[in-house]
There are 2 protein chains.
Amino acid sequence: MIRLLLAEDQGMMRNALALLLNLEPDIDVVAEAGTTAEALDAALRARPDVALLDIEMPDGSGLDTAATLRDELPGCRVLILTTFGRPGYLRRAMEAGATGFLVKDGPVEHLAAAIRRVLAGERVIDPALAAAALSAGPNPLSDRERDVLHGAVDGATVADIAARLHLSESTVRNYLSAAIGKTNTRNRIEAAHRARSNGWI
Amino acid sequence: MIRLLLAEDQGMMRNALALLLNLEPDIDVVAEAGTTAEALDAALRARPDVALLDIEMPDGSGLDTAATLRDELPGCRVLILTTFGRPGYLRRAMEAGATGFLVKDGPVEHLAAAIRRVLAGERVIDPALAAAALSAGPNPLSDRERDVLHGAVDGATVADIAARLHLSESTVRNYLSAAIGKTNTRNRIEAAHRARSNGWI
DNA sequence: GCCACCCCGGGACATTTGTCACCGCCGACC
DNA sequence: GGTCGGCGGTGACAAATGTCCCGGGGTGGC
């Protein structure tokens with residue numbers, strides 16, 4: 001019996017997956033979580049064989065949870081399940097020690113199959129996504145450039161970002177300009193969008 | 001037997017819902033669609049009793065599909081199912097003739113119950129969301145203000161928007177300024193975000 | 001008829017944004 | 001030791017943005 005942790009913030013999706021995976025004869029959903037905090041807590045309590053983690057969660061990223069889990073619960077395999085097949089996500093998932101990476105596409109049966117293969121230690125990755133990740137290349141942005149772009153997504157001004165990061169406005173503008181150059185875009189908004197769609201932030 | 005059309009772009013969610021709803025003794029999923037075009041096509045072919053429509057779909061909005069369905073297939077009840085409980089969405093859904101409005105939260109059992117109630121002609125709306133919609137008030141933006149904001153989300157410049165809408169740059173700037181004023185924000189990005197989170201665009 | 005609102009545009013202006021050159025400091029790598 | 005890159009900062013400048021005037025035309029309500 002495969003002991004499974006299910007971390008997914010969208011209630012109906014979580015409920016549906018739990019019901020369907022429990023119908024599988026060899027899978028037992030032993031814990032459910034809607035936030036990364038709950039996921040960590042439940043994992044340490046229930047000690048599952050496989051953790052199925054969504055990336056986008058309200059209080060943080062499933063990628064960070066994966067990294068923590070690798071240290072705290074080394075025997076647990078991690079399978080990332082996400083809406084967006086972003087190249088940078090896949091790269092970060094691998095660096096965080098994930099064994100598999102699936103997009104929320106295709107039937108639930110694929111998911112059950114992936115869980116079994118991940119438990120056997122096999123790496124499960126969508127081939128098209130793997131190719132995209134390789135062709136897209138690594139994240140060109142430095143830490144600070146990511147920070148300032150993160151602020152730019154929701155319309156913060158240079159002054160806002162500078163205050164939040166305790167930097168001077170000149171510095172923020174320089175980082176923004178560098179990020180715009182590296183992403184090959186025309187302004188901070190396009191830069192932030194490209195960075196997001198590539199999974200760089 | 002309730003004949004149901006299921007329109008949802010996320011493959012795994014659609015698959016999971018189809019499986020679970022088919023398990024209900026009185027529900028029969030007679031058609032599935034991943035785009036609004038497929039949804040319309042399938043609806044006219046399968047003539048379902050209830051259409052379950054997602055709002056966010058790659059080729060358009062489920063809200064528009066609902067309006068079309070009201071004209072083309074008057075006997076069919078429409079139940080909107082969406083990730084985001086945005087006040088403006090609810091308002092637009094009602095104007096488009098939807099009978100029910102659910103967020104992708106809570107268990108699948110709620111969804112099945114809602115389908116039955118909608119078929120009986122009953123209106124099904126999340127009470128908290130209804131209250132939010134009323135307190136948020138109507139959409140303050142004019143058609144053109146929405147158009148220019150739509151362009152602003154992904155980083156288009158004034159020149160880009162003007163070209164796309166066949167307007168002069170002055171006009172675009174005036175609309176943007178008006179939208180920023182009406183949304184009570186500081187720049188086009190904040191304005192676009194607020195408009196999106198309220199379901200105004 | 002008047003009023004309000006939307007549509008479309010022009011011009012002027014202050015502010016913000018994006019770019020570039022340059023500075024020092026540090027750590028890593030060869 | 002030198003070089004490169006990241007980090008933090010300054011100053012100057014062109015371009016884009018946001019705001020405020022103004023104008024005209026249309027439509028719908030009272």
Side-chain angles (χ1 to χ4, degrees), chain A residues 88 91-92 95 136-201, chain B residues 88 91-92 95 136-201:
Chain A
R91 187 178 296 266
R92 285 201 272 159
E95 287 166 2
N139 187 341
L141 302 173
S142 74
D143 287 355
R144 280 318 212 182
E145 285 158 5
R146 285 211 310 272
D147 290 342
V148 295
L149 273 193
H150 201 83
V153 238
D154 40 61
T157 65
V158 170
D160 294 340
I161 303 174
R164 198 182 310 161
L165 265 47
H166 305 295
L167 292 175
S168 93
E169 302 197 8
S170 306
T171 306
V172 170
R173 290 227 296 261
N174 284 337
Y175 283 141
L176 278 174
S177 185
I180 292 167
K182 286 182 178 179
T183 53
N184 214 343
T185 49
R186 294 175 302 168
N187 55 52
R188 60 179 71 185
I189 305 304
E190 285 191 352
H193 274 57
R194 176 144 318 164
R196 287 231 312 155
S197 76
N198 281 351
W200 291 338
I201 57 175
Chain B
R91 185 177 299 265
R92 284 201 272 159
E95 287 167 2
N139 187 342
L141 301 174
S142 74
D143 287 355
R144 280 319 213 180
E145 286 158 3
R146 287 211 309 273
D147 291 341
V148 295
L149 273 193
H150 201 84
V153 248
D154 41 59
T157 65
V158 170
D160 294 340
I161 304 175
R164 198 183 311 162
L165 266 48
H166 305 293
L167 292 175
S168 91
E169 301 197 9
S170 304
T171 307
V172 171
R173 291 215 309 220
N174 285 336
Y175 283 141
L176 277 174
S177 187
I180 292 167
K182 286 183 179 179
T183 52
N184 215 342
T185 48
R186 294 175 303 167
N187 54 52
R188 61 178 71 184
I189 305 304
E190 284 191 352
H193 275 57
R194 175 146 317 164
R196 287 230 313 154
S197 75
N198 282 351
W200 290 338
I201 56 175

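The sequence lines fix the lettering, A, B, ..., with proteins before strands; numbering per chain opens at 1.
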Atom-to-atom span, [atom1] of [X] to [atom2] of [N] - whole angstrom:
X: L141(A); N: dG6(D); atom1: CG; atom2: P; result: 10 Å
X: N187(B); N: dT19(D); atom1: CG; atom2: C1'; result: 14 Å
X: I180(A); N: dA15(D); atom1: CD1; atom2: C1'; result: 12 Å
X: H166(B); N: dG9(C); atom1: NE2; atom2: P; result: 11 Å
X: D143(B); N: dT27(D); atom1: CG; atom2: P; result: 16 Å
X: K182(B); N: dG18(D); atom1: NZ; atom2: P; result: 17 Å
X: Y175(A); N: dG9(D); atom1: OH; atom2: P; result: 8 Å
X: I161(A); N: dG18(C); atom1: CD1; atom2: C1'; result: 13 Å

Looking only at the side chain of [X] (C-beta and beyond, no hydrogens), which of the listed nucleotides [options] gets closest?
X: S168(B); options: dC7(C), dT19(C), dG10(C); value: dG10(C)
X: L176(B); options: dC7(D), dG18(D), dG10(C); value: dG18(D)
X: R173(A); options: dG11(C), dT19(C), dG18(D); value: dT19(C)

OP1 or OP2 of [N] under 4.0 Å from side-chain N/O of [X]:
X: R144(B); N: dC8(C); answer: yes
X: R188(B); N: dT17(D); answer: yes
X: T157(A); N: dT16(C); answer: no
X: T171(B); N: dG9(C); answer: yes
X: S142(B); N: dC5(C); answer: no

What's the spacing between [X] [atom1] and [Y] [atom2] if we round to 0.5 Å?
X: R188(B); Y: T183(B); atom1: CZ; atom2: OG1; value: 12.5 Å
X: E145(A); Y: I180(A); atom1: CD; atom2: CD1; value: 10.5 Å
X: H150(A); Y: R196(A); atom1: NE2; atom2: CZ; value: 9.0 Å
X: R144(B); Y: L167(B); atom1: CZ; atom2: CG; value: 5.0 Å
X: D160(B); Y: E169(B); atom1: CG; atom2: CD; value: 9.5 Å

Using heavy-atom distances to pick each residue's nearest nucleotide on DNA chain C, tell me which of P140(B) and E169(B) is more 5'.
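This one resolves to P140(B).
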Select from L167(B) and S170(A) the residue whose nearest nucleotide in DNA chain C is closer to the 5' end of that strand.
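By nearest-heavy-atom nucleotide position, the 5'-most residue is L167(B).
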Polar side-chain contact N174(B)-dC20(D) base: donor and acceptor under 3.5 Å:
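Yes, the side chain and the base share a sub-3.5 Å donor-acceptor pair.
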